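Okay, so here's the structure we're looking at.
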Amino acid sequence: MSAPPSVTAKLSGAHKGWQSGPGSPAFILALDVGTTCVRSFVLDEQCVVRGSAVDAVELLNPQPGHFEIEPESLWRKIVNVITQAVKNAKLTPPDITCLTISTQRCTFLTWDHRTGEYYHNFITWKDLRADELVDQWNTSWTKSSMNWLSYALFLLTRQSRFLAGSVLKLMNGQVTPRLLFEIMNNKKLKQALMQKKARVELLDSWILHKLRTGSSRDKDVEHITDVTSSTATGLYDPFTLSWSPLISWLFGINSKILPRVVDNGYKAFGHVHPTAFGPDWANTEIPIAASLSDQTAAIWGSQCFQKNDVKVTMGTGAFLNLITGDRCQAAISGMYPLVAWQFKKPTRQQGAVYCIEGASHDFGTVVTWAQSCELFDSPANTSDIAESVPDTNDVFFMPAFSGLGPPVNDYRSASGFIGLSPSTTKAHMVRALLESIVFRLVQLIETAENETSQKLHMIRVDGGVSRNDFVCQFLADLSGLRVERAENPESSIMGATFMAGINHGIWRDVEDLKRFRQVERVFEPRPKQYKTIASRMDKWSRTIARFSDWY
């Protein structure tokens, strides 16, 4: 696969801080901060993993629907995995050429960065504290009026940004409603905002601040976030590539408390402060070569650089990203346009590459829940269990712990099994559970095809659930698409490494990266299976109404 010239041009020539040569190996230190774990890998210029470390994220649940991370505890875990990965690689800190970070999106906190006072913990993208606020807004006269006005402007101008505005609504996964909730209910934050002490940190901007200041007293480094982390917040307008003026007009949020958005080739990410990781790092000056969101990292790790390339990440949630090229395409089905990545060039105004995204938030969550209910001992066994029965014995499962996203868009939907009988076994239930998450994926695939008027031919999968052979084969059979799974499951780590290597001059452009992608298996669709399983999906689709609008 090769990227088209226009895309390749946008990727090359960012930083040129390292040149290979005899006796000068490069070692890239990659940090990935996800929802369930913090990981750090050291890779060389051949993308061989030389060392790694992992630690679990402690997800706090102080009350139902609230999901938080204590920031200083998270920072200690970050320091731990970074230092341990370097030791595991049998290297010393001065051996590290550059550092790169990949982070979960839409997780944020507010604080006074000068004193270090936090007004609350990180509020994660899974958090539902603003659920009532979301419902009130989405049924409000203001929202309805704005949608109608946007549609009228679309009819007059035919500009896709107004079409997107005609279906705009709040969603729990965005930063907007949860930030509004805190501003309305957090007294300390209210007072700090009046005194102009508080600012908002996305996960990446906070990590960048901590990396660049260490334990020093200089707290006035740039307040920045990368464009791929800002784009999914609900506060950012991908059509204008800026924080949306609507956030002040509609919600009263002053954009000055938000970090400045920079592109992925930003040349001033700076260096890791010598005090950030302890005394062993005291004499180092390690450049920060890249910062990007986990989904962009997975896009890069899957090497989806061409228009109409698509990847599906099957982790805690499932995220489908379809590259739409240099056009920001409005979506009206519940999918949404995002900046996939951006490299500003002197000869180009924007340098942005876009995608549309659709999510099913309960992919890995469903598997974890089923294991806790003792439907199986280990997720690794589920493929064999599902294949031990020819079908589900007419049992279906609705994977909607966070409601159902596009194209159903029912966030009041309930989860559950339907069709249980005395002859139902655990194997039937496990198979029904795995089939259901594939049904949701196929809904997203069909929606993406309809939104872009494109017929897809192949999807690249990554994430923990993608290692399940039954899921991948069932997906190929039902979608009619080839499903490609890479040998290296660490797509986010690989994508962050790829971007850092290009930014830092270790590799020239995406053509240099092709040799690093090794395909472990391709699942080919089996046409003879399609009619049977398509009829099962039709019946599953009819059960959606049984679970809809439950809460």
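Being a predicted model, the structure only gives us computed values, none of them experimental.
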Listing, residues 394-403 side-chain donor-acceptor contacts under 3.5 Å, not counting sequence neighbours, or none:
{"unit_1": "Asp394", "atom_1": "OD1", "unit_2": "Lys539", "atom_2": "NZ", "d": "3.4"}
{"unit_1": "Asp394", "atom_1": "OD2", "unit_2": "Lys539", "atom_2": "NZ", "d": "2.8"}
{"unit_1": "Ser402", "atom_1": "OG", "unit_2": "Asp362", "atom_2": "OD1", "d": "3.1"}

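No salt bridge links Glu484 with Lys311; every basic N to acidic carboxylate O contact stays at or beyond 4.0 Å. A salt bridge links Arg105 with Glu357: at least one charged nitrogen is closer than 4.0 Å to a carboxylate oxygen. Between Glu511 and Lys514 a salt bridge is recorded (basic side-chain N to carboxylate O distance below 4.0 Å). A salt bridge does not link Asp410 with Arg412: every distance from a Lys NZ or Arg NE/NH1/NH2 to an Asp or Glu carboxylate oxygen is 4.0 Å or more.
Side-chain contact, Ser423 with Asn393: a donor N or O sits under 3.5 Å from an acceptor N or O. A donor atom on one side chain and an acceptor atom on the other are not found under 3.5 Å apart for Thr452 and Asn308.
Around the CZ atom of Arg546, the shell of radius 6.0 Å holds no more than 12 heavy atoms that belong to other residues, nucleotides or ligands.
Here Arg440 pairs with nothing under the salt bridge (charged side-chain N to carboxylate O under 4.0 Å, His left out) rule; sequence neighbours left out. Evaluation of the ring pair (Phe, Tyr, Trp, His ring centres under 6.0 Å) rule for Phe516 yields Trp507 as partners, not counting sequence neighbours. Lys455 meets the salt bridge (charged side-chain N to carboxylate O under 4.0 Å, His left out) test with Glu449; sequence neighbours excluded. Legend: residues meeting salt bridge (charged side-chain N to carboxylate O under 4.0 Å, His left out) with Arg526, ordered by chain and number and at least two apart, are Asp477. Partners of Arg467 according to the salt bridge (charged side-chain N to carboxylate O under 4.0 Å, His left out) rule, which considers only residues two or more places apart in sequence or in another chain, are Glu520.
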